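A quick write-up on the structure given underneath.
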Amino acid sequence: MSHDQASYLELLARGAAAEAYDRPALLARADGAGAETLAALEHAKRLALRVRAELAERRRREAELSALFETAHDLAGLRDLDAVLRAIVQRARSLLGTEVAYLCLNDPAAGDTYMRVTDGSVSARFQQLRLGMGEGLGGLVAQTARPYVTDSYFDDPRFQHTRAIDSGVRDEGLVAILGVPLMLGSQVIGVLFAADRRARVFEREQIALLGSFAAHAAVAIDTANLLGETRSALAELEKANEIIKEHSAVIERASDVHDRLTELVLRGGGVNDVASALSEVLDGTVEFAGPGSSSVTALELTGTDGRAKCHDEVWGVAVSAGGELLGALVLRGHPELDPVDQRTLERAAMVTSLLLLARRSAGEAEQRVRGELLDDLLDAPDRDPRLLRERAVRLGADLDAPHVVLAARIDGPAPDTTERETADRRRLWSAASHLAATGQGLAATRDGGTVLLLPLAPGDTAAGLARRTAAQLGGALREPVTIGASAVVESPAGRPGAIAEAYAEARRCLDALRLLGRSGDGAAAQDLGFLGLLLADTRDIEGFVHRTIGDVVDYDRRRGTDLVRTLGAYFACGMSPVRTKDALHVHVNTVAQRLERVGRLLGPDWQSPARALEIQLALRLHAMAAAVVR
């Protein structure tokens, strides 16, 4: 073997490009080599290129087999169906070298096909497509149960084009598409796609590879369905076994609890004593949940009829008097109750309501005192701070700690009589006063509703306190209660005049919630997006911009990227990546990559109508602020 021929082995060893294999013959010709030598070099070149192609093909097959092995391994330890399908789509996109890959599944109930998993897609319209049966390239694949490929989607007449599908494909910028069926036996359950935003030809090996991934996806779906059915069957068997074990002791427990409750009432026991006795008799954990407790909300008690109800294996019965919900007795650790045990729980609720009514009569006087102190803070801000502090200390309140003013109003059906309206206000004040007393706060009636002054816990926010209070009061009254919150008042005793200003802000926030149709909700000005800029006493424009697009601005500042300008152009071009790339004079892949980064920074719902509106306003405010600085 000559030195020149040996050079081809060196090129193979270091994986040189195909163009490099012309060099030995060119050098030999330049050195005046004879025809026989040149012919030998040409023959060696052809052999070397053939070996190089076979090595490349072997590496490609090894990568494909490795990906298929990893997919099979994922199926063997299947825990999360969505995670497995995402892995399949991502590997298919990577190995076929396409810009987008996606998987659609049939929905027999709706009679159409929907997007289940996408990878590389940037168009919200495309990701939300639903296709009628037989429509588009996917419909052709589903009808024939065979793979189909098109190198120019919009010029292909073999399948039915529709406006909705074509608009989604055009918005994503796709041109070449390959689709293969997902089969369970002889039934097509969906289609796996690989697509590019430019014309290309899919080779036979690539079609076969995508078909292999589709087979794995079908197995994953079938396995997940079988696992779900098995789990359901096991759960039903366990419940039946529990009923058999516990039924024999029901009658004895009912007699025991009757004796214990009678003894509790005679010796003046309290609500916690009732719960403790029930815990022992019913062999579970019983607690009394007040009207604002999350336990009452979770139980979804539908009335005050005193009947025990079960929700998520937790039993509860309303504790009520005169149509007012005072709380609930909640039983955990005993998911199955027979009728005798249910009646035991209901009788304990009646005893609890009597005990609570007795306690309430003693607390009404304290509630009136709390209301008078809050009235003074609102109407007489020039009172001596020292006297205000002393009055608050006697009530267990700390007016030197941060507080929030809340304006509350019932937003149920309009009362048909003045007496009913007055009764609703009284019920709201009663529930709010109880909540304020248990939370070291104050409450008073005002302007047809109720005003509360509640302390703010460390790490909490005014908006969070408003939402919890709305849920608590709404649960107690069984009607929607809307809450508007002020900004935090750092020290009410130090600045009594700030309470009246905060109440005015809370009222504005309450009115805004009602106009927005958010009855039964709670919020502060900062919780209402750009509308909060108009409601708050301070216009925190910089804070609004930072909360809305701060992550994108910071990313541009750190990396020297151009995501903010791309985002502005994307909205200006009707959220179309194809038109955006013309406006920015970049390739559509560049736009897709930037928008994919924006989605990771702002969250998956950044293109929803409400988020998009706030993002566009934040972009304008950011641009105005930058112009002022310049």
Side-chain angles (χ1 to χ4, degrees), residues 269-276 286-299 301 304 316 318-322 324-330 349 352-375 377 391-408 410 426-446 449-462 464-479 481 483 485 489 492 506 522:
V271 172
N272 292 333
D273 296 322
V274 173
S276 178
V286 178
E287 64 173 344
F288 173 74
S293 170
S294 60
S295 298
V296 177
T297 302
L299 286 169
L301 299 175
T304 55
V319 176
S320 60
E324 179 184 352
L325 182 65
L326 304 177
L329 288 180
V330 182
T352 303
S353 65
L354 293 174
L355 294 175
L356 290 175
L357 288 176
R359 185 199 302 172
R360 173 180 289 185
S361 61
E364 288 181 349
E366 179 184 339
Q367 293 175 359
R368 286 192 293 272
V369 174
R370 289 178 180 273
E372 291 170 359
L373 175 56
L374 183 53
D375 283 334
L377 289 170
R391 293 170 60 185
V393 168
R394 287 195 294 270
L395 296 172
D398 180 9
L399 293 185
D400 288 313
H403 282 66
V404 175
V405 177
L406 305 173
I410 294 178
R426 186 180 302 112
R427 290 170 57 229
L428 176 60
W429 174 80
S430 177
S433 297
H434 176 74
L435 179 63
T438 56
Q440 289 76 50
L442 306 174
T445 58
R446 182 155 299 233
T450 298
V451 55
L452 298 94
L453 180 66
L454 298 180
L456 189 68
D460 200 358
T461 64
L465 181 60
R467 284 191 291 271
R468 286 197 306 277
T469 305
Q472 292 167 349
L473 294 181
L477 300 179
R478 309 303 299 161
E479 290 189 70
V481 176
I483 302 287
V489 180

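All figures in this text were calculated on a predicted structure; none of them were measured in a lab.
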Listed once per pair and sorted, the salt bridge (Lys or Arg N to Asp or Glu O under 4.0 Å) pairs that draw on residues 432-446, sequence neighbours left out: Asp375-Arg446, Asp379-Arg446
Atom of Pro455, atom of Gly441 and distance for their closest heavy-atom approach: CD-CA, 4.1 Å
Reported CH2-to-OG1 distance for the pair Trp429 and Thr450, which is rounded to 0.5 angstrom: 9.0 Å
Distance-minimising heavy-atom pair for Ala397 and Gln440: CB-O, 3.8 Å
Which atom of Ala485 lies closest to which atom of Leu406, heavy atoms considered: CB-CD2, 3.5 Å
side-chain contact (heavy atoms from CB on, under 4.5 Å) assessment of Thr445 paired with Arg426: CA-CA 8 Å; Thr445 58; Arg426 186 180 302 112; over 6 Å; no
Arg391 side, atom CZ; Leu442 side, atom CG - distance, nearest 0.5 Å: 9.5 Å
Spacing of CD1 belonging to Ile483 relative to OG1 belonging to Thr469, to within rounding of 0.5 Å: 6.0 Å
Value rounded to 0.5 Å, distance of OG1 in Thr461 from CZ in Arg467: 6.0 Å
Side chains of Val405 and Val451 in contact at under 4.5 Å (non-hydrogen atoms): yes
Listed partners of Ala407 passing side chain to side chain contact (heavy atoms under 4.5 Å, CB included), at least two apart: Tyr503, Ala506, Arg507, Leu510
Counterpart residues, side-chain hydrogen bond (donor to acceptor under 3.5 Å, both in side chains), relative to Asp398 (two or more places apart): none
Interatomic distance, Leu473 atom CG to His434 atom NE2 [nearest 0.5 angstrom]: 10.5 Å
Which atom of Arg427 lies closest to which atom of Glu479, heavy atoms considered: NH1-OE2, 3.1 Å
Inter-residue atom distance Gln472.CD - Leu435.CG, 0.5 Å rounding: 5.0 Å
Residue pair Leu465 / Val404: nearest heavy atoms and the distance that separates them: CD2-CB, 4.0 Å
